[in-house]
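The next block holds one structure in the form of C-alpha cells; read it before the comments.
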Amino acid sequence: QVQLVESGGGLVQPGGSLRLSCAASGSIFSPYLMAWYRQAPGKQRELVATITDGGNTRYADSARGRFTISRDNAKNTVYLQMNSLKPEDTAVYYCYRHPNNWGQGTQVTVSS
C-alpha cells in the first residue's frame with residue numbers, strides 16, 4: 001500500500017506560478033506511472049499530466065505549454081510546475097500512482 005501526500009497548493013494571482021509536490025511512501029515508487037489530476041467544483045476529475053518511470057510525459061491540452069511534470073525516483077517524489085496560471089486552473093489537484101492510488105489532494109486557487 002502506497003501513501004501519497006501532496007503539498008504546494010495555495011492562492012495565486014492570474015499569471016503566477018506554483019509548484020506542487022507529491023511524496024510517496026510505503027511502497028516502491030519506481031517503476032510506476034505517476035500522474036496529476038484535478039477536479040474543479042461541480043466538474044469531473046480530469047487528467048492533467050502523466051510521467052512514466054523513464055520520464056516520458058503527456059499533457060492535457062489545457063496544461064500543455066504551461067505545466068511541467070517531473071519526478072525524482074530517488075526521493076520518491078513527483079512534481080507539477082504550473083506557470084501562467086489562469087482562474088480556470090482553480091481546482092483540487094490530486095497525485096496518482098498507477099494503479100488506483102490517490103493522494104488526498106491540494107487546493108489551488110487562482111484569483112486576483
Side-chain angles (χ1 to χ4, degrees):
Q1 185 74 17
V2 63
Q3 292 80 45
L4 303 172
V5 180
E6 301 99 333
S7 61
L11 173 64
V12 63
Q13 293 186 341
S17 298
L18 283 174
R19 188 175 84 152
L20 306 182
S21 299
C22 171
S25 62
S27 183
I28 298 173
F29 184 73
S30 174
Y32 296 96
L33 179 140
M34 301 294 297
W36 287 96
Y37 284 75
R38 68 184 183 187
Q39 187 167 17
K43 295 187 177 181
Q44 290 188 335
R45 192 171 298 189
E46 63 177 3
L47 179 65
V48 176
T50 65
I51 186 166
T52 67
D53 182 53
N56 293 317
T57 58
R58 299 185 69 177
Y59 296 92
D61 289 343
S62 59
R64 191 174 297 112
R66 299 187 299 125
F67 294 2
T68 302
I69 188 171
S70 61
R71 65 192 290 166
D72 185 333
N73 289 341
K75 295 182 178 180
N76 288 346
T77 302
V78 63
Y79 305 97
L80 186 67
Q81 177 67 44
M82 304 186 294
N83 299 326
S84 302
L85 284 161
K86 305 174 182 180
E88 51 264 44
D89 295 317
T90 295
V92 178
Y93 284 71
Y94 295 91
C95 179
Y96 172 84
R97 196 206 79 172
H98 185 76
N100 204 32
N101 293 278
W102 295 91
Q104 83 290 347
T106 185
Q107 177 70 47
V108 171
T109 302
V110 185
S111 175
S112 56

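Here the structure is a predicted model, which means the values were calculated and not measured.
- Separation of atoms CG (Leu80) and CE (Met34) is listed at 11.5 Å; rounding is to 0.5 Å.
- Taken to the nearest 0.5 Å, the OG atom of Ser62 stands 7.0 Å off from the CZ atom of Phe67.
- Atom CZ in Arg66 sits 9.0 Å away from atom CE in Met82 (nearest 0.5 Å).
- If you check the side chains of Asn56 and Arg58, you find no donor sitting under 3.5 Å from an acceptor.
- Residue Ala24 comes nearest to Val2 through the heavy atom pair CB-CG2, 4.1 Å, listed as atom of the first residue, atom of the second, then distance.
- A distance of 9.5 Å separates OG1 of Thr57 from CZ of Arg64, quoted to the nearest 0.5 Å.
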Show which side-chain atoms of residues 39-50 pair as donor or acceptor with protein atoms under 3.5 Å away, not counting sequence neighbours.
residue, atom, partner, partner atom, Å
Gln39, NE2, Lys43, O, 3.1
Glu46, OE2, Arg38, NE, 2.6
Glu46, OE2, Arg38, NH2, 3.2

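- Both Leu18 and Tyr93 sit in one connected hydrophobic cluster of ILVMFWY residues. Membership requires side-chain heavy atoms under 4.5 Å apart, directly or through other members.
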- Task: Show the numbers, then the answer: is there a side chain to side chain contact (heavy atoms under 4.5 Å, CB included) between Leu11 and Ser111?
- Result: CA-CA 7 Å; Leu11 173 64; Ser111 175; 4.2 Å; yes

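- Side-chain contact between Asn76 and Ser25 is absent, with no heavy-atom pair separated by less than 4.5 Å.
- Put simply, CD on Gln81 and CG on Leu20 are 8.5 Å apart, with the number rounded to the nearest 0.5 Å.
- Between the side chain of Tyr59 and the backbone N or O of Ile69 there is at least one donor-acceptor pair closer than 3.5 Å.
- Geometrically, Arg97 engages Tyr32 in a cation-pi contact, judged by NZ or CZ lying under 6.0 Å from the ring centre and within 45° of the ring axis.
- Applying the disulfide bond (SG atoms under 2.5 Å apart) test to every pair with at least one member in residues 42-74, sequence neighbours left out, gives no pairs at all.
- Checked against side-chain contact (heavy atoms from CB on, under 4.5 Å), Val110 has the following partners two or more places apart in sequence or in another chain: Val12, Pro14, Leu85, Pro87, Asp89, Thr90, Val108.
- Taking hydrophobic clusters as Ile, Leu, Val, Met, Phe, Trp and Tyr residues chained together by side-chain heavy-atom distances below 4.5 Å, Tyr96 shares a cluster with Val92.
- Put simply, the side chain of Val78 reaches to within 4.5 Å of the side chain of Trp36, judged on heavy atoms.
- Proximity of a side-chain donor or acceptor of Glu6 to a complementary backbone N or O of Gln104 within less than 3.5 Å is detected.
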